[in-house]
J.: 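Supplied in structure tokens, the structure appears directly below.
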Amino acid sequence: MKTKILKSSQIDEAVSFLRNGELVALPTETVYGLAADATNEEAVSKIFSAKGRPSDHPLIVHLDSFAKVIDWVEEIPDSAKKLADSFWPGPLTLIFRRKKTVSYLITGGLETIALRIPKHPIALRVIEKLGTAVAAPSANAHKRTSPTKPEHVLKTLSGKIAAIIDGGGCSIGLESTIIDITRTTPIILRPGAITALMIEPVLNIEIQEQLEHQEKVPGNMQAHYQPEKPLFLLSIEEIKRRIKQENNVAIMHYSDITRRKNATHYKMPKDKTEYARVLYETLYSIDSTHVDKIFVEKPPFRNEWLDINDRLHKASSK
Ligand code: TXA
Ligand code: MG
């Protein structure tokens, strides 16, 4: 199959592919998603084969309005209304108890379901015109880096999906925060742009963050988000020491260091939001060069950098 590249004005074409049970990659504010009509089981199953994704790995269902939440969940807790009021549309995914009619294909066999209303005009228009909802994981082959530009999607999914809508770069650049609100104490399963510090005042309760790797939560697999080149997370001192013995490395650093001829330097932003926006793009650029490895300066270990630390940790070769 040849993957068709659609302009942002070709929403109707994208919608007709989705209606015909085909897959369409589309931009969201976080990363590109690989969309299928969430009410069409055969279409949803294509997501797993295109990505090479294990079938027990649940998908996020994307909606265009809060009114549609009730089609997917058993009940809407108060916390969901509060979080939706504050953060939807936006980079927050909520875990609910699934409605009994929702396919296990979407939930990976779980009794819960992940929902999000994205804040991107293209994604919203596609869902609205389709009239249902779209199941959409990040639009990359399983375990690989999430795409923030159309060319990243083509790198691992070209020929495997019907179309991609070119919406340029994603403004946030990291996947959404995932929060499980089915428990008495809500817990963040995947950190993102919406932090615990932002959520706590909305729910008036202390939020837990799952820092340890847990097999039970498929999103928390240890090896994930990986670039092709081996990536090493090092302090700036370790980088300075290691590059004396290395000849062909890429260095991603935000501290100032003397540039070396035997390394390619990628100066990263010191601002967290900017860093998040360019992180995956930088990894994709490095992957298209001939360096042997990537040295990444460990980002600050402060709360607001939690999502970046999490993704880099999972992207690194141990
Ligand atoms: O920003 C994002 O969330 C992007 C855009 C496209 O919306 N999507 C995304 O999807 O990152 P994906 O499939 O690459 O990651 C979603 C994660 C998975 O790791 C999955 O394990 C977790 O969400 N997830 C989905 N349903 C879940 C559930 N019921 N319980 C726990 N985790 C769940
Ligand atoms: Mg993903």
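The analysis underlying the following values was restricted to heavy atoms, covering all of them including side chains, and did not include hydrogens, waters or symmetry mates. Counting starts at 1 for both ligands and their atoms, in listed order.
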J.: Is the shortest N/O to N/O distance between R116 and ligand 1 below 3.5 Å?
T.: yes
J.: Classify the ring geometry of Y275 against Y254: parallel below 30°, tilted from 30° to 60°, perpendicular beyond 60°.
T.: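 If you compare the ring of Y275 with that of Y254, the planes turn out perpendicular.
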J.: Do the side chains of K119 and P91 get nearer than 4.5 Å, heavy atoms only?
T.: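 SC-SC contact between P91 and K119 ruled out.
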J.: What atoms in ligand 1 come closer than 4.0 Å to a heavy atom of T30?
T.: 1 (O), 2 (C), 4 (C), 5 (C)
J.: Determine whether L157 and T3 make a side-chain contact, defined as any pair of heavy atoms from C-beta on separated by less than 4.5 Å.
T.: no
J.: Under 4.5 Å between any side-chain heavy atoms of V249 and D292, yes or no?
T.: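 They are not in side-chain contact.
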J.: With a 4.5 Å limit on heavy-atom distance, are the side chains of T132 and N40 in contact?
T.: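 Heavy-atom side-chain distance check fails, nothing below 4.5 Å.
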J.: Who's closest to atom 8 (N) of ligand 1 heavy-atom-wise, of A123, G173, A136, G33?
T.: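 Going through A123, G173, A136, G33 one by one, A136 has the nearest heavy atom to atom 8 (N) of ligand 1.
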J.: Considering distance alone, does some N or O of T112 sit under 3.5 Å from an N or O of ligand 1?
T.: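 Among all N and O atoms of T112, at least one is under 3.5 Å from an N or O of ligand 1.
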J.: Between R116 and H62, is there a side-chain heavy-atom distance shorter than 4.5 Å?
T.: yes
J.: Under a heavy-atom criterion of less than 4.0 Å, does T107 contact ligand 1?
T.: no
J.: Ring of Y284, cation from R144 - is the NZ or CZ under 6.0 Å from the centre and inside 45° of the axis?
T.: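 No - R144 does not lie over the ring of Y284 by the 6.0 Å and 45° rule.
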J.: Quick check against the 3.5 Å criterion: does H313 have a side-chain atom that pairs as donor or acceptor with the backbone of N309?
T.: no
J.: Suppose I only count heavy atoms of S176 and a 4.0 Å limit; which atoms of ligand 1 are within that range?
T.: 1 (O), 2 (C), 3 (O)
J.: Using a heavy-atom cut-off of under 4.0 Å, does the side chain or the backbone of L189 touch ligand 1, or both, or neither?
T.: side chain
J.: Considering residues, nucleotides and ligands other than R97, do more than 12 of their heavy atoms fall under 6.0 Å from its CZ?
T.: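 Atom CZ in R97 is not packed in, count stays at 12 or less.
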J.: For S255, what residues pass the side-chain contact (heavy atoms from CB on, under 4.5 Å) criterion, not counting sequence neighbours?
T.: I236, E297
J.: Side-chain contact test, heavy atoms from C-beta onward, threshold under 4.5 Å: evaluate it for E209 versus N303 and give yes or no.
T.: yes
J.: So is R53 close enough to ligand 1, meaning a heavy atom under 4.0 angstrom away?
T.: yes
J.: Heavy-atom contacts under 4.0 Å between L110 and ligand 1: side chain, backbone, both, or neither?
T.: side chain
J.: Around the Mg ion (ligand 2), what protein N, O or S atoms are found below 2.8 Å?
T.: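 S138 OG, with waters left out.
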J.: Regarding ligand 1, does T28 bring an N or O atom to under 3.5 Å of one of the ligand's N or O atoms?
T.: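 T28 vs ligand 1: no N/O contact under 3.5 Å.
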J.: Report the part of I178 (side chain from C-beta onward, or backbone N, CA, C, O) that has a heavy atom under 4.0 Å from ligand 1; answer both or neither where that applies.
T.: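 The side chain, only.
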